[in-house]
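What follows is a set of notes on a single structure, which appears directly below.
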Amino acid sequence: MKFYSNILTAAALSLLCSCADLDLQPLDTGSSDSWYKTEDEIKASINGLYRTDFFSLENFQWSDDHQSRDRLNEMTAATVNGETHAVTEMWQVCYKSIARCNILLEKLQNYQAIGLSEERAKLYRAQVLFVRATQYARLTSYFGDVVWVDSELTIEDAFKMGRTDRAEVMEHVYADYDEAAQYLPLSYGTQKELATKAAALGLKARYALYNEDWEISAAAAKECMELGSHQLYPDFEKLFLSSTRHACENILSWPTSLELEIYGESPGNAMGFLPRCRGGYASEYPSWDLFASFLCTDGLPIDESPLFDPQNPFKNRDPRCAATIVEFGTEHCGVIYDPNPMVTQVYSSVAGKMVTNLDCKSGSPYASYNGLLRKKGIDESWINDGSFKVAFDIVFLRYAEVLLTYAEAKIEAGEIDNSVLEAINRVRARAYKADYTNTRAYPAVKTTDREQLRTIVRTERRMEFAYEGLRRMDIIRWRIAEKVLNQPDYGLLDKDLLTSKLIDKQLWFWPETPDIDENGSADFSSLYGQGYCKIITRRQFDESKNYLWPIPSQEVITNPYLGQNDNY
């Protein structure tokens with residue numbers, strides 16, 4: 001009997017323990033011997049590889065962009081270990097996908113027996129190679145060295161395999177992406193669930209960047225850009241709304257559907273983001289760190305710009321600030337949002353009258369602990385008549401990332417030219433709804449200094465990609481997690497202190513401007529030292545081990561040849 005590469009998982013162990021005769025084929029489901037006989041079966045199997053759980057977005061709660069009231073998680077509390085659910089799930093899901101890919105690739109070698117033309121076989125093979133490459137790239141990003149297997153294994157061999165060096169695994173990943181890009185189409189029409197040529201090149205660029213293969217990353221991103229198959233959506237704020245579907249910017253995305261009860265967020269999760277004035281919890285919200293990172297309209301950080309007013313912190317900010325975080329005193333989801341505890345009544349356009357302000361500390365002790373609320377992608381449709389059922393496109397890769405990946409890779413490679421500035425400026429100009437060539441309409445990047453550009457592109461990524469599952473991997477690969485995840489989460493004082501120390505003295509919202517470092521991270525210790533804010537949580541990050549995840553404990557117990565990452 002063959003073991004199909006779903007190596008060393010609990011599922012495989014369960015199979016070994018529960019089957020009296022391992023050679024029996026199930027009578028009610030397909031197997032590697034009874035399936036893959038027709039083109040329809042091949043297509044169905046490939047469609048199964050493009051499930052969203054094989055392309056899950058990284059949890060935004062694992063980074064310094066977000067707060068969940070006074071709760072930490074395994075990543076922000078540095079308690080991750082070999083039994084953490086996210087760790088075991090990532091390992092098992094990726095290898096489950098890889099196992100299916102390897103079976104399909106073997107079956108496609110005999111494509112004529114299935115009745116496929118050579119052209120169709122190459123397309124299907126490309127779609128499978130894309131998935132396998134992505135799963136291995138994700139594994140190396142989290143675990144470093146991982147087991148590389150590209151064919152079926154006997155059970156005995158599987159339990160004796162060690163890990164392959166990360167760089168070697170990535171060589172295979174790049175080769176898979178290259179072959180996939182050669183045969184994948186530019187488009188499937190309205191179907192965005194399957195890989196295209198742009199998706200293969202774009203993800204090759206992403207994961208080459210993660211592995212500091214600058215030249216490979218820049219070349220793949222450039223090739224993707226030159227395809228001309230995607231462009232920036234003209235309106236940054238509207239791009240993420242549930243009403244915007246199949247946007248020209250989205251390179252790899254999946255639709256969700258209210259009719260089919262496939263939701264973008266579960267109703268309970270959706271309520272966490274929504275204002276309390278509309279029945280939400282306001283329990284999940286942007287951090288002050290993220291808020292402080294948005295530049296001013298002169299292109300300078302808030303501690304350098306003369307335009308920044310800490311008492312009016314949304315004024316003169318990059319438009320992505322108010323598109324990501326709800327601006328105080330503006331309507332959001334049908335009600336004016338204002339966390340000022342002196343504002344006890346706000347206008348509700350839904351009710352057509354003033355209502356009690358539940359989104360401030362005088363209205364509810366459970367209002368956002370730092371006064372902020374997420375706006376990005378969220379509107380009235382999330383409330384959906386009180387059902388909190390919402391459907392939107394789940395996006396794994398979009399064109400703006402390709403542009404900024406190209407810019408960063410060229411900067412790190414020391415190959416700075418006008419194309420680098422153009423890539424950054426295209427993204428930044430879109431936020432201002434300006435043509436990137438009209439440099440008077442937005443704060444265009446003009447410097448060619450490498451250190452300055454490094455800071456610029458890192459800040460640009462943070463402003464552009466908040467809540468899109470990219471921030472944690474950015475701080476990991478930039479090796480700044482040990483700094484930003486060892487800083488406290490700050491928030492508002494309790495009601496009485498807030499009134500006497502800030503509001504009565506006209507120091508609301510921030511009494512002073514926090515310092516911003518070269519990575520765009522804010523320092524609120526001065527405000528805290530003066531008693532102007534309080535610590536909500538104390539994040540933790542252990543630099544001796546947390547830059548990688550541990551190998552799941554069960555896998556190491558089953559196969560000691562795997563070894564374990566340092567200090568776990």
Side-chain angles (χ1 to χ4, degrees), residues 4-12 29-30 32 35-36 41-59 62 85-108 123-143 146-150 169-170 172-173 176-177 179-181 184 188 191-196 198-200 202-204 206-207 210 250-257 260 262-266 392-398 401 468-470 472-473 549 552 555:
Y4 295 132
S5 314
N6 189 5
I7 59 176
L8 313 177
T9 63
T29 59
S32 61
W35 192 248
Y36 310 107
E41 291 174 352
I42 293 292
K43 290 170 65 176
S45 298
I46 291 174
N47 286 336
L49 293 176
Y50 285 82
R51 293 169 10 195
T52 53
D53 54 341
F54 288 153
F55 291 85
S56 58
L57 299 177
E58 188 168 77
N59 193 334
W62 296 344
H85 176 72
V87 171
T88 58
E89 182 179 48
M90 177 66 71
W91 184 275
Q92 292 179 5
V93 165
C94 286
Y95 275 115
K96 180 188 293 185
S97 177
I98 290 167
R100 296 180 181 186
C101 288
N102 286 338
I103 295 172
L104 270 165
L105 291 170
E106 179 181 320
K107 299 303 179 183
L108 285 169
L123 170 62
Y124 295 149
R125 176 178 168 83
Q127 292 170 341
V128 176
L129 286 174
F130 170 85
V131 176
R132 187 175 73 177
T134 303
Q135 303 309 314
Y136 271 121
R138 296 174 73 208
L139 283 169
T140 60
S141 298
Y142 289 100
F143 299 102
V146 296
V147 180
W148 166 262
V149 57
D150 60 355
V169 174
M170 289 307 299
H172 294 299
V173 167
D176 279 358
Y177 276 137
E179 184 176 342
L184 288 172
Y188 296 93
Q191 291 183 332
K192 295 294 183 71
E193 299 85 1
L194 298 179
T196 61
L203 287 186
K204 180 185 177 183
R206 172 195 286 181
Y207 293 113
Y210 286 5
N250 296 341
I251 297 176
L252 185 63
S253 64
W254 290 264
T256 55
S257 169
L260 298 177
I262 303 172
Y263 307 129
E265 285 282 1
S266 69
F392 49 80
D393 285 354
I394 298 173
V395 181
F396 194 76
L397 175 68
R398 61 184 177 94
E401 183 186 346
E468 296 184 53
L470 297 176
R472 181 185 175 276
M473 197 54 65
W549 282 1
E555 307 300 331

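Just the heavy atoms: all of them, side chains too, but no hydrogens, waters or symmetry mates, feed the values below.
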Return the minimal non-hydrogen interatomic distance between [X] and [Y], and the atom names on each side.
{"X": "Gly48", "Y": "Phe54", "answer": "O-CE1, 3.5 Å"}
{"X": "Arg472", "Y": "Glu58", "answer": "CB-OE1, 2.8 Å"}
{"X": "Tyr95", "Y": "Val146", "answer": "OH-CB, 3.6 Å"}

Taking [X] for its side chain and [Y] for its backbone only, find out whether a donor-acceptor pair lies under 3.5 Å.
{"X": "Thr256", "Y": "Asp393", "answer": "no"}
{"X": "Thr140", "Y": "Ala137", "answer": "yes"}
{"X": "Asn102", "Y": "Val149", "answer": "yes"}
{"X": "Tyr136", "Y": "Val131", "answer": "no"}
{"X": "Glu179", "Y": "Leu129", "answer": "no"}

(Q) Quick check: Phe55 with Trp254 (ring centres under 6.0 Å apart)? (A)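 Aromatic pair counts; centres sit under 6.0 Å.
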Q: Give me the ring orientation class for His172 and Trp148: parallel if the planes are under 30° apart, tilted from 30 to 60°, perpendicular past 60°.
A: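 Parallel.
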Q: Let me know which of Trp549, Trp91, Tyr207 forms a ring-ring contact (aromatic ring centres under 6.0 Å, His included) with Tyr142.
A: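 Going through Trp549, Trp91, Tyr207 one by one, the ring-ring contact (aromatic ring centres under 6.0 Å, His included) with Tyr142 is satisfied by Trp549 alone.
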Q: For Arg138 and Ser56, test the side chains for any donor-to-acceptor distance below 3.5 angstrom and give the result as yes or no.
A: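 Result is yes, a qualifying pair exists.
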Q | Option among Val173, Thr134, Ile251 that satisfies the side-chain contact (heavy atoms from CB on, under 4.5 Å) test with Leu203 | A |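 For Leu203, the side-chain contact (heavy atoms from CB on, under 4.5 Å) check succeeds only for Thr134.
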